[in-house]
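Here the structure is laid out as C-alpha cells; the discussion comes afterwards.
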Amino acid sequence: MAEIEVQSFGGCVHALRQADLRQSLYDEAALMMGRAVVNLHGAEHRARRGVEAVMFRKDIFLHYEKNVLPQTLAETLAPFLAEGRGDLVEIGYRIMMNLTIDFTGVDRPLRSAEETGELLRLLKEFSLAPALGQARDPADVADKKRRIALAMEEFRTRFLDPSLARRQALIDRCKAGEIDRGELPKDVLTALLLGRDELGMSDAEFVQEGIFFVLAGAHTTIHSLTHAVHEIWNWLTAHPEDVERIRSDPYFIQQCVYESLRLHPSSPVARRRALCPITLKDGEIVEAGQEVAVNLRTANHDVELFGDDANRFNPHRTVRSNFRYGLSMGDGVHACLGRHLAIGVDPKPGSDPDKHQYGVVPLIVAGLLRQGLRPDPDDAPEKDETITRITWARYPIIFKPEEALL
C-alpha cells in the first residue's frame, strides 16, 4: 500500500492533529524507541506524558538556563578555548550531554573526562536510531541495529540500572518517612519511578525511556545548534549592519535560531500510520494501515505563510508567533515536550530581558559568539552523506575572543 505524502502547511498541521494517525517515524528503530513516550499512542501516551510533565515546567527550565547551563558551558568550553579551536559538533554534544544526563536523572559516579568520553560514545551510537529509516543501504541498517543493541546494554548496566536503584532507594525512604519528598531528585527518572504503578512500566521500557530522553535532548539539539551557528555567521558576514543588532537586541539570537530551525527541522518528515480510514485536509482518503508522510521541510517553505524568500534564511521575517519556527517542533499530541527548554518562548511586548526564557540553544550560540567563535577558514565543515536529511558530520571552528561579536 503506497504511502501518501502531505506537503501543504495546513495539510501537515491537520495530519499531525489527527488522533487516529499513529506515530510511525521510529518503527524501524523499535528496538530502542518502540515503547518510549515518542512512540506511544492514545491513553498510554497521555498517561506517560502526564507523569513526565512535572519536569517540563517554566521554573525548572529557567533554573537550567540561569544556574546549570552557565557552569556547564564554561567547563565544557575551557579546554577548547585553551586550544583556540574545536569541532562545533563535538562541543555541542559535550554541552548537551551534560545537561540532558542531569535532566534525565542518569548518575555519573566518576564525573571524569574518561567517563564523559564513554557516555559520548554511547550517545553517538544511540543517535544512529532515529535515522535508520533514512539510511540508504540495508546492510548498513543491520550493522547499525547491532551497534545500537550493544550500546543499549552497556548503558543499562553501567549507568541506568545504578541510577534507578539509587532513586528507588530514596523513594522507599521517603515513603517510610525518613526523608521529605522535596529531598528526592528532580529529574525524569524519579518522576517515572514515582508514577510506575500508575503507568505499569517494565524494566525494558525504563531503558528505552531513559535513552530516549538523553538522545532527544542532546542529539536533536546538536543538529539545531550547528545549523543555527552556520546560518547566523553567514548572515552577519553578508549583513554586517546586524552585528550591532545582535549586540543591542537581547532577543535577536533567539529569533535567528527560530528561523534556522524552520529551515532545518531535525526530522524533515514526520510519519503516521492510519488506525482506521482517515480523510485528510484536501479530501484524500487514507486507508487503515496506510502510512502518511508529513513533509515538514516542504511545509516550512510555504510561501503563503513565510513569503517569497521562504527557502532562504532571514531572521527579520514576519510570521505569526505560533509558527515562527514552522512545524520543526511538531504539532498535536506529539509536539516536542522539551521545545521550551531548547528554544525558549516568544518574548512579549514589554517583557523583562532578565526574566525571559530564551532556551538553551540561543544561550549557547550567544556564549560561543562571546568567545569569538567563527568557522575555521582552513578546515571546511562536512555534511553527513550517509543519511537523507541534511546535517553536519563535523564543523571545525576557531576562537578569537579579541574579535568577539558580543
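Within a 6.0 Å radius of CG in N322, other residues, nucleotides and ligands contribute more than 12 heavy atoms. The number of heavy atoms from other shown groups lying within 6.0 Å of NZ (K66) is above 12.
For F313 and H239, the gap between ring centers reaches or exceeds 6.0 Å. Aromatic pair Y251/Y258: ring centres not closer than 6.0 Å. Between H230 and H264, the gap from one ring centroid to the other reaches at least 6.0 Å. Here Y64 and F103 bring their ring centres to under 6.0 angstrom of each other. In summary, the aromatic rings of F126 and H219 are positioned with their centroids too far apart to meet the 6.0 Å limit.
The closest side-chain donor-acceptor pair between H356 and Q254 falls under 3.5 angstrom. In the model, E259 has no side-chain atom that pairs as donor or acceptor with a side-chain atom of Q255 under 3.5 Å. Using modelled atom types, one finds a donor on one side chain and an acceptor on the other under 3.5 Å when comparing W235 with D242. Checked by atom type, the side-chain pair D282/H14 shows no donor-acceptor distance below 3.5 Å. No donor-acceptor contact under 3.5 angstrom links the side chains of S260 and H227, judged on distance only.
Considering all non-hydrogen atoms of both residues, G34 and N39 come closest at O-ND2, 3.4 Å.
Using bins of under 30°, 30° to 60° and over 60° for the plane-to-plane angle, the ring pair F323/F9 lands in the perpendicular bin.
The shortest distance between side-chain heavy atoms of R85 and D376 falls below 4.5 Å. Between E205 and R48, the closest side-chain pair of non-hydrogen atoms falls below 4.5 Å. Between L337 and R49 the shortest side-chain heavy-atom distance falls below 4.5 Å. Using a 4.5 Å cut-off on side-chain heavy atoms (C-beta onward), V365 and L225 make contact. Proximity of V38 to F212: side-chain heavy atoms (C-beta onward) are separated by under 4.5 Å at one or more points. Counting only heavy atoms from C-beta outward, the side chains of F155 and V106 approach each other to under 4.5 Å. Side-chain contact between T104 and D187: absent, with no pair of heavy atoms (C-beta onward) separated by less than 4.5 Å. Residues V292 and R273 are not in side-chain contact: their nearest non-hydrogen atoms beyond the backbone lie 4.5 Å or more apart.
Taking a cutoff of 4.0 Å between a charged side-chain nitrogen and a carboxylate oxygen, D107 and R167 qualify as a salt bridge. Remark: E125 does not engage K144 in a salt bridge, criterion side-chain N to carboxylate O under 4.0 Å. Using a cut-off of 4.0 Å between Lys/Arg side-chain N and Asp/Glu carboxylate O, D161 and R156 are scored as salt-bridged. Under a 4.0 Å N-O distance rule, the pair K124/E90 qualifies as a salt bridge.
Side-chain atoms of D352 come within 3.5 Å of backbone atoms of D354 as a donor-acceptor pair (strictly under, hydrogens ignored). The backbone N or O of P347 sits nowhere less than 3.5 Å from a side-chain atom of S351 that would complete a donor-acceptor pair.
Because its NZ or CZ atom is not both nearer than 6.0 Å to the ring centre of F306 and within 45° of the ring axis, R317 does not count as a cation-pi partner of that residue.
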- request: Report the C-alpha distance between Q23 and R272 in whole Å, list the side-chain angles of each, state the deciding distance to 0.1 Å, and finish with yes or no for side chain to side chain contact (heavy atoms under 4.5 Å, CB included).
  value: CA-CA 5 Å; Q23 169 78 273; R272 301 288 189 266; 3.0 Å; yes
